[in-house]
Amino acid sequence: MTSSSSQLQLLAPISGVMFPIEQVPDPVFAQKMVGDGISIDPTSNVLCAPLTGKVTQLHSSKHAVTVTAANGVEVLMHIGLDTVMMKGNGFTALVKEGDIVDAGQPLIEFEMDKVAMKAVSLLTQIVITNGELVSSYQPATGLVIAGKDVALTLTLAEGVETVAAASIGGEAWSDPVRIPNPTGLHARPAAVLSNAAKTYKSDVKLVRQGEEANAKSVVAIMGLEVKNGDEIRVRAHGPDAQDAVKALVDLLNSGCGEDVGAIPVPKHKPAPLDTIKPAKAKPKSDNPNVLTGVSASPGLAVGNVFQIKLEEIQVAEQGENQQVERRRLDEALKEAHVELEALKSEISDASKAEIFAAHQELLQDPDLLDIAIAAISNGKSAGFAWREAYTKHAELLSKLKNEVLAGRANDLRDVGRRVLRLITGTKEAELQVPNNAILIAEELTPSDTASMDRTKVLGFCTTGGGATSHVAILARSLGIPAICGIDEDVLALANGTPVILDGSKGTLRKNPSDAEIADIVERQAKLASKRAQEMAAAFEDAVTKDGHQVEVVANIGGLEDAQESVKLGGEGVGLLRSEFLYLERTDAPTEDEQTQIYGDIARALGNDRTLVVRTLDVGGDKPLPYLPMPVEENPFLGVRGVRLCLEEPEILHTQVRAILRAAGDVKLAIMFPMITSLEEVREVKRIVAEEKAALGISNDVQVGIMVEVPATAVMAEQFAREVDFFSIGTNDLTQYTLAMDRGHPKLAKQADAMHPGVLNLINMTVKGAHAHGKWVGVCGGIASDPMAVPLLLGIGVDELSVSVPTIPAIKALVRTLSKAECEKLAAEVLQLGTAAEVRERLSRLID
Ligand code: PEP
Ligand code: MG
C-alpha cells in the first residue's frame with residue numbers, strides 16, 4: 001500500500017486483465033450492491049493483499065476475504081462467481097482472521113482448473129464495502145501483475161487519514177516502522193520500549209513477519225532479535241490501544257532513547273549494517289600446553305587454577321498453596337531488587353552500574369512473571385515456577401544468532417538464580433578462593449565478577465561468553481585480566497595447577513616451568529615499580545637532560561580518553577579522532593551536538609592544554625552508513641579523509657562551524673587529514689575563513705594538516721608556508737610510502753614506520769616546517785614506541801601525540817635522553833638501509 005495526500009493505492013491482488021465491474025455477469029457486483037470497485041479476469045491462482053491491513057473477515061468457503069486498512073477502508077475480494085457453492089473445495093486459505101498482512105502478501109490459493117470447471121466465472125471482484133470513506137475510484141486498465149501493479153486508486157473522503165494507527169474492535173496496529181537503532185533492539189532500547197508499553201492498559205505486541213513479542217517484556221523483545229532496518233509493527237488490544245500504538249511508534253522512530261536521528265535516504269543503498277556476527281569457532285592452539293580463547297580483558301596474571309562450579313539449588317516441584325507461593329515469589333523479587341540496588345551503589349562507573357539496573361528490569365518482566373505465576377496457579381512451588389520461567393527464556397536467548405543478545409542469557413541466569421536463592425533461602429556457599437587464584441568456570445555472572453575479591457583473584461577464564469558480554473565489560477573496568485570462550489579442556493584442569501593467563505592474547509599456559517614463572521613474576525614486579533615511578537613524575541614536564549622540552553600529548557577518541565589523559569599527565573590532545581562522533585549511528589551528528597562535545601573535551605583538558613580536532617577521517621575503508629560511498633577497488637587510494645569532506649562539503653562546513661563555535665573560551669586547533677595538495681589546503685582554509693566570517697568569530701584557531709602522504713612530506717616547505725602546524729600520521733605515511741596496506745594480513749608486519757624511507761620523510765617534514773617557524777608533532781603509532789622516541793627527538797619533532805596509557809612512560813623516557821645525543825643518533829640512523837638495521841641500532845639504547 002502506498003499513499004499520497006488523500007489517495008490510497010490498491011495493488012492488484014491477483015494477476016490478470018482488468019474488467020469493468022459494471023459488466024460482471026452478477027447483479028450483486030455489477031450494480032455495486034456490495035460496493036464499488038473493480039474486477040480482474042485472473043491469469044494466476046493466488047489472491048494477495050492489495051494493501052497493508054488486517055484480515056477482518058475470511059469466508060468459511062475460503063473464496064472471499066476482507067482486508068481492512070489502517071485507516072478503516074475495507075476491501076472485500078471475491079474469487080469467481082457463485083464459488084460459495086464449492087464450499088471451500090479447491091481453495092486454501094493462507095491466512096486467518098485477525099492476521100495483519102502486508103500489501104502483496106498471499107491470502108488464498110485456489111486450484112484454477114477446478115474453480116474454472118465448477119464456477120460460473122473466474123472473474124475476481126475487489127470492492128470497497130464502506131464506500132462512504134471513498135470519494136472516487138480510478139481503476140487501472142489492461143494487464144496487471146499481482147502485488148506489483150496498482151489496480152485501483154481511491155481518493156479518500158475528507159477527514160479519512162491515508163495512514164494511521166487503526167482501531168477495530170478495541171484493537172489498533174501501526175504501519176511498519178523501520179528500526180533506526182544501529183544495533184537493533186538490544187537490551188537498552190528494549191528496556192526503554194517495554195517500560196513505555198507498561199504504562200498502557202492494553203495488551204501490546206511487536207509484530208515482525210508473523211512473529212510476535214510482548215512489548216512489555218524486555219526478554220521477549222530481545223528474543224525477537226530485531227535488527228537495524230527491520231520493519232516491525234506495533235499491535236495493541238484494549239482500552240487505550242490507539243494511544244499505545246501511537247506512542248510506541250513515535251518511540252521506535254526516535255530510537256528508544258538511543259541517539260539515532262532520522263533514517264537517511266541514501267543516494268545509493270548502503271550495505272545493511274549487519275550486527276550479527278558469525279559464531280566464532282572456538283580457537284584451538286597447536287601447543288598442548290596453551291589453551292586459547294577470546295581476549296576479554298587485557299593483562300598478565302600468574303596464578304593457580306581454581307575451578308568454580310555452581311551447586312544446583314534444589315526446589316520442590318509442588319507448592320503449598322497458591323497464596324503462600326505467590327507471596328514467596330513477590331518477596332524474593334523485592335529483596336532481589338534491594339540487593340541489586342546495593343550492588344549498583346558499589347560500582348563507581350555509572351555505565352557499568354547500568355548492567356545491574358538492567359537486572360532490576362528483568363525482575364519486573366511480564367513474560368517471565370506470567371510464566372511463573374501461571375505455574376504457581378497450577379500448583380507448582382514458587383522456586384520451581386520461577387526457575388522454569390527464567391531458564392526457559394535464558395535458553396531461548398542463548399540460541400539467538402546475535403552474539404550480544406545471546407550474551408544476555410547469562411544476565412538472565414544471574415538474576416534468576418539471585419531470586420531463586422532468595423525464594424529457597426539458600427545461602428550461596430561462601431567460596432573459599434585461595435590466594436593467587438585464576439578462576440575457571442563455564443560461565444561467570446556479572447554479579448560474581450563485580451564481587452570478586454581482587455586481593456585473591458588474579459584473573460579468570462570462562463568457556464562461555466565473549467568480548468561483548470557484561471562479564472568481559474566488568475572485567476575490563478575492574479582491571480582483571482580475563483579470557484572468555486576458552487577451550488573447554490580448561491574445565492579438566494585440577495585445582496592448584498599453575499598457569500599463566502595472558503588476557504591480551506587470550507591464552508592460558510598450563511604447566512609453566514618454575515623458571516618461566518619466576519621470570520614473569522620478576523618482570524611484573526619490575527614493571528610495576530617502573531610504572532609507579534613514572535606515575536609519580538607524570539605531571540612533570542618532558543625535558544631532556546640537556547634542557548630541551550617536548551610536548552607529550554594524547555591521541556584520543558572521546559571525552560573519557562581526554563579525562564584519563566589529564567590524570568596521566570597528558571599536556572593536551574594532539575589528535576582527536578573525530579570519527580567517533582560519526583560512527584555507529586544512522587545520521588551525521590548535528591552542529592550543536594558537535595559543539596557540545598568538542599567544548600566538553602576541551603573543558604576537560606582545562607585552560608592550559610590545547611585540543612587538536614582532526615576533521616572527519618573516513619572513506620571506503622571506514623564507511624558511514626548514512627554517507628553513500630561508491631565501492632572502490634582501492635579504498636586507501638580513494639575518496640578518503642579530506643577528499644571525502646570536500647566532496648560532501650556540507651559535512652565539513654558543519655564540523656568546522658562546530659569547532660569554531662566550541663573554540664570560544666578554550667584552546668582548540670583544527671587539523672585536516674590526508675592532505676595531498678596545496679589546492680586542498682587552500683580550499684579548507686577558505687571554508688574555515690568563510691565560516692569564521694559567517695559566525696563573526698575572530699579568535700586565532702590554528703589550522704594544521706596531517707602529513708600522511710609522501711607528496712606532502714616531500715613538499716613540506718611549500719605546505720609550511722600556508723599552515724600553522726603539521727602532525728605526521730606515520731601509520732598512513734608508512735603505508736603510502738611503502739605501498740603496503742596497513743591492514744594487509746601478510747604485509748602489515750613489514751609496513752614498518754622504522755623503514756629508512758619513512759624516517760627520511762619525517763625528517764624532511766620537520767626541516768620544512770622549522771624553515772618556516774612552524775611546529776611539528778607526530779601522532780602515528782611510532783610516537784608511542786619507546787624505541788622510536790630518541791630518534792624522533794633527534795630529528796627535531798616538537799610534540800609526541802601518544803596513546804593515553806603510555807603518556808607517563810614516554811614523558812619519563814624523554815627525561816632520560818639528551819637532545820644532542822639524539823641528534824647524533826638520528827644523523828646516523830637516517831643513513832641506514834633497512835628497517836631491521838634501524839631497529840637493531842635503536843634496540844642498543846634500550847636496557
Ligand atoms: C596516522 O595515519 O598515523 C594517524 C594517526 O591517523 P589514523 O591512524 O587515524 O589513520
Ligand atoms: Mg591516518
Side-chain angles (χ1 to χ4, degrees), residues 551-558 561-562 565 570 572-584 611-624 629 634-645 655 669-676 680 684 704-713 716 719 725-744 747-748 751-755 757-759 761-766 769 776-785 788-789 791-792 795 797-807 810 835:
E551 296 279 325
V552 179
V553 294
N555 288 349
I556 65 166
D561 287 349
S565 78
V573 165
L575 168 65
L576 166 65
R577 289 186 162 101
S578 66
E579 300 82 87
F580 86 100
L581 261 166
Y582 293 77
L583 299 171
E584 291 182 15
L611 166 63
V612 178
V613 182
R614 173 175 78 184
T615 57
L616 180 64
D617 185 17
V618 295
D621 59 318
K622 287 186 233 168
L624 296 177
M629 299 174 202
N634 290 307
F636 278 124
L637 302 181
V639 184
R640 264 194 96 193
V642 77
R643 299 173 189 171
L644 182 85
C645 286
Q655 186 169 29
I670 309 185
M671 177 161 78
F672 294 92
M674 276 287 292
I675 291 284
T676 313
E680 287 167 345
V684 295
I705 59 166
M706 289 197 68
V707 178
E708 305 181 275
V709 177
T712 311
F719 280 92
F725 65 92
F726 290 155
S727 185
I728 309 177
T730 49
N731 308 336
D732 277 319
L733 185 61
T734 305
Q735 76 165 344
Y736 294 131
T737 305
L738 305 183
M740 286 177 184
D741 181 340
R742 63 197 256 190
H744 193 286
L747 299 174
D752 187 348
M754 298 289 203
H755 189 291
V758 181
L759 298 177
L761 286 173
I762 297 175
N763 190 42
M764 289 175 84
T765 308
V766 174
V776 190
V778 172
C779 62
I782 193 176
S784 311
D785 180 351
V789 170
L791 182 59
L792 296 175
I795 289 174
V797 166
D798 305 293
E799 178 208 79
L800 297 170
S801 193
V802 303
S803 70
V804 174
T806 64
I807 293 170
I810 299 293

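When a ligand or atom number is given, it counts from 1 through the structure's own listing order.
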### Interatomic distance, Ser803 atom OG to Asp785 atom CG [nearest 0.5 angstrom]
10.5 Å
### Query
In the shown structure, where waters are left out, how many protein N, O or S atoms lie under 2.8 Å from the Mg ion (ligand 2)?
2
### Task
Starting at CG of Leu616, measure out to CZ of Phe580 and round the result to the nearest 0.5 Å.
11.5 Å
### Query
Could you give the distance from OG1 (Thr734) to CD1 (Ile762), rounded to the nearest 0.5 Å?
7.0 Å
### Task
Could you walk me through whether Arg643 and Thr676 pass the side chain to side chain contact (heavy atoms under 4.5 Å, CB included) test, one step at a time?
CA-CA 9 Å; Arg643 299 173 189 171; Thr676 313; 3.2 Å; yes
### Query
Distance from Glu680 atom CD to Ile675 atom CD1, nearest 0.5 Å?
5.0 Å
### Task
Give the numbers and elements of all ligand 1 atoms closer than 4.0 Å to a heavy atom of Cys779.
5 (C)
### Task
Heavy atoms only: give me the nearest Asp617-Gly641 pair and the separation to one decimal.
OD1-CA, 3.3 Å
#### Entry: CA sep, side-chain torsions, deciding dist, call: Ile705, Phe726, side chain to side chain contact (heavy atoms under 4.5 Å, CB included)
CA-CA 5 Å; Ile705 59 166; Phe726 290 155; 3.6 Å; yes
### Task
Answer side chain, backbone, both or neither: which part of Leu733 comes under 4.0 Å from ligand 1, heavy atoms only.
neither
### Message
Can you tell me if Arg614 contacts ligand 1 (heavy atom of the residue under 4.0 Å from the ligand)?
### Response
yes
### Query
Which of the atoms in ligand 1, numbered in the order shown and given with their element, are less than 4.0 Å from a heavy-atom of Met706?
4 (C), 5 (C), 6 (O)
#### Entry: Option with minimal heavy-atom separation from atom 1 (C) of ligand 1, where the choices are Gly729, Ser727, Pro673, Gly781
Gly729
### Proximal candidate to atom 5 (C) of ligand 1 [heavy atom criterion; set Arg640, Met674, Glu708, Arg577]
Arg577
### Query
CD1/Ile782 to CG/Leu759 distance, rounded to the nearest 0.5 angstrom?
5.5 Å
### Close-contact set for ligand 1 against Leu575 heavy atoms, below 4.0 Å
5 (C)
### Task
Measure the OG1-CD distance between Thr730 and Glu708 for me, rounded to the nearest 0.5 Å.
9.0 Å
